[in-house]
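Below, chain A is the first sequence line, B the second, and so on; all start at residue 1.
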Protein chains: 2
Amino acid sequence: MLSHNYSILETLRRGPLQVSIIGSGNWGTVIGKIAALNAKESYIFENVVRIWVHEEIVEGRKLSEWINVEHENSKYLPGYRLPDNLVAVPDLEDIATSTDLFIFVVPHQFVEKVCEILSSYAIRRTAKAVSLIKGFLIDNWKPLPFHQYIQNVLKIECSAISGANVAKDIADEQFSETTLGYSDQESAVVWQQLLDTKYFKVNPIPDKCGVQICGAVKNVIALAAGFCDALNCGSNTKATIIRIGFEEMKNFANLFFDGILEETFFDSAGLADTITTCYGGRNVKCAKEFALAEGNKTWEEIEVEMLNGQKLQGPSTCCDLFSVITHHKLEQSFPLFTIIYCISYQHVPPHAMLTLFQRSETRPIRLKKDCHLCISSNP
Amino acid sequence: MLSHNYSILETLRRGPLQVSIIGSGNWGTVIGKIAALNAKESYIFENVVRIWVHEEIVEGRKLSEWINVEHENSKYLPGYRLPDNLVAVPDLEDIATSTDLFIFVVPHQFVEKVCEILSSYAIRRTAKAVSLIKGFLIDNWKPLPFHQYIQNVLKIECSAISGANVAKDIADEQFSETTLGYSDQESAVVWQQLLDTKYFKVNPIPDKCGVQICGAVKNVIALAAGFCDALNCGSNTKATIIRIGFEEMKNFANLFFDGILEETFFDSAGLADTITTCYGGRNVKCAKEFALAEGNKTWEEIEVEMLNGQKLQGPSTCCDLFSVITHHKLEQSFPLFTIIYCISYQHVPPHAMLTLFQRSETRPIRLKKDCHLCISSNP
């Protein structure tokens, strides 16, 4: 928990805010480009925006050199010119000790390692962070969103961003939106000022946990959508399964967190991201392949076969959901999430998903607004 | 307005309830099949379910004969065996005077004519109705949902059904859901008992107006989705435009009606129907064609070219929305609906839809819960 949330206006007394992107994959690089262009235009940000690069050699040259000399991330975003004021820095200590605004965009599986290293350095106590990481951790049989994890480990305030944001399309400056979950007005203003641009609209909503649960759970709904595709379902059935998934996603968020807002589900993080993920994207494609293989391929095999080194988040988030659901004996409240797990890991045939909902007693439970486990508060 | 809402239990004193389907197109026939099968199993419904047929000759034989002798609607649902207890009746007076439960499924453009004729007969004052008609009328510059119109003209209580319900898929018994908007508990129970089946789940929600606004307005959102397809937008952009449309749909419902419920938008009538309509269906396909024609084809021409006699509801509903919006000077609150109209009828190029939202000042207004025009109450 945070002992004190420092005011950004106080921090500004000593000069413009230093921005650092933690992560230089395709999404990190695109966000770095937007932040660097916006930083040039605003008095409150230091002109140079830094991007932390886990150094590697690409075509005989260091990745940091590619970015700093050629202004291109030749490995993760080839073909896009980056602003001159986006500067690659391979030294995490250098970043850790001189940053006012951290943007976290490392892959899920590296978060704990990176935060551990950062926490060993003297981070500015006045710094703020925003997490663009999808998924959540499990702590004491409860979902722990990454903004909370970052707050706990680094002792700085952390907001959260999630939305229908395919990195490549935003690199192409195609119009899209994202949802910014925040808790204090100053953070909302500063992140919007740093990241909102004409083709990338930042909608602030005071619901960090809701934003992150959507960003993680939509990948599980996409597995069900992929099973529908494999079963050759009509459009009614696929939309119905997605709708049931959406209802379970809302119920899950409301059960485990206080202060979840309905508008989060109507925003980019909810509605828009769920539908793009279910009508395209890797989770739905791999789930279709998984179902068509009729038990003869594991998720790992499909990942290797179809994703060319990228990772699939649906199956691991599905396991996380299932462990939480079974621990709290909530299977009957989450029939879809439960059957997705059984199909994915217990040799249940995909068709069982449809027959399950055709039984009259299987309906997602309508939760009352004030019905939750009160396990975690929403800081 | 209704003077008295009679209890169904009172009506049952004189015997089982007589059910009649008004309309024998494909959706009416599918609903007739479900109702007839359920009527067989329940003590409260008369065994015979009647379906009103606008008599016509199909392959040398009357349509009513096809249904009553061959148990097939050879014109609108060929190839599907109908239950023996679904009986075609061409005489509207016969239907009018002896029906307890009316199910309205006539096309939009015939509703007024049919209701006018029905109202000239002695309808049972205790009768109830449900409307499956999509769209709404305009009355005194306000949207008038069909359940209200039916209530006004026939002086009987009317519920409303809408959802992700492609008739052909439900005829194939593919799993789907629908939303039943009701106002009294008895109506909810009776319609659910008559229409809910294992592959067609009826979710009752006490919000008739919300259900019907969704059913109409989603076709307008689908026009925008079709423009996105023509513009070759990425998945982010299309999802974002759909999301903005969804927000305007919610705002529109809340502005014009009291008692709109959030859960309607999360149910089949809202979320599920909107996404199926935007990722398939005739409105999105025709809108793509319209945009690709770059002003060289009208909607009427496209309808003739692509729909083989079927009607497109998006453009006419778009005109209805626009007339209401401009009358109340609400263009700034509904930028997407307004630009869809301008693209459809005022030679504005489809690309303007994207540039509009890239301007920083164009955002759908976040309405406060208690902000509405108080024009109509939700009976």
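When each of F200(A), F265(A), F246(A) is scored by its heavy-atom pairs under 4.5 Å with chain B, the top score falls to F246(A). Chain A forms more heavy-atom pairs under 4.5 Å with one residue of T274(B), N165(B), I242(B) than with any other, namely N165(B).
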>> One pair to check against side chain to side chain contact (heavy atoms under 4.5 Å, CB included): T276(B) and R243(A). What are the steps and the verdict?
In response: CA-CA 11 Å; T276(B) 33; R243(A) 191 204 74 73; over 6 Å; no
>> Set out, in order, the CA-CA distance, both residues' side-chain angles and the distance that settles side chain to side chain contact (heavy atoms under 4.5 Å, CB included) for L354(B) and Y199(A), then state yes or no.
In response: CA-CA 9 Å; L354(B) 303 181; Y199(A) 55 86; over 6 Å; no
> Taking it one step at a time, do D169(A) and T237(B) satisfy side chain to side chain contact (heavy atoms under 4.5 Å, CB included)?
Replying inline: CA-CA 9 Å; D169(A) 292 350; T237(B) 306; 6.0 Å; no
> Checking side chain to side chain contact (heavy atoms under 4.5 Å, CB included) for the pair I244(B)/E177(A): CA distance, chi angles, key distance, verdict?
Replying inline: CA-CA 10 Å; I244(B) 292 170; E177(A) 295 177 320; 3.9 Å; yes
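Heavy atoms closer than 4.5 Å to chain A are found in both the backbone and the side chain of I170(B).
Under a 3.5 Å cut-off, the side chain of K201(A) and the backbone N or O of F357(B) do form a donor-acceptor pair.
Minimum heavy-atom separation, A239(A) to A272(B): CB-O, 3.5 Å. Closest of all the heavy-atom pairs between F175(A) and Q358(B) is CB-NE2, 3.5 Å. In terms of heavy atoms, T240(A) sits closest to S176(B) at OG1-CA, 3.7 Å.
One finds the CD atom of Q174(A) at 9.5 Å from the SG atom of C228(B) (value rounded to the nearest 0.5 Å). Between the CG atom in N236(B) and the OG atom in S268(A) there is a gap of 8.0 Å [rounded to 0.5 Å].
Both the sub-6.0 Å distance and the 45° axial angle are satisfied by K250(B) relative to the ring of F266(A).
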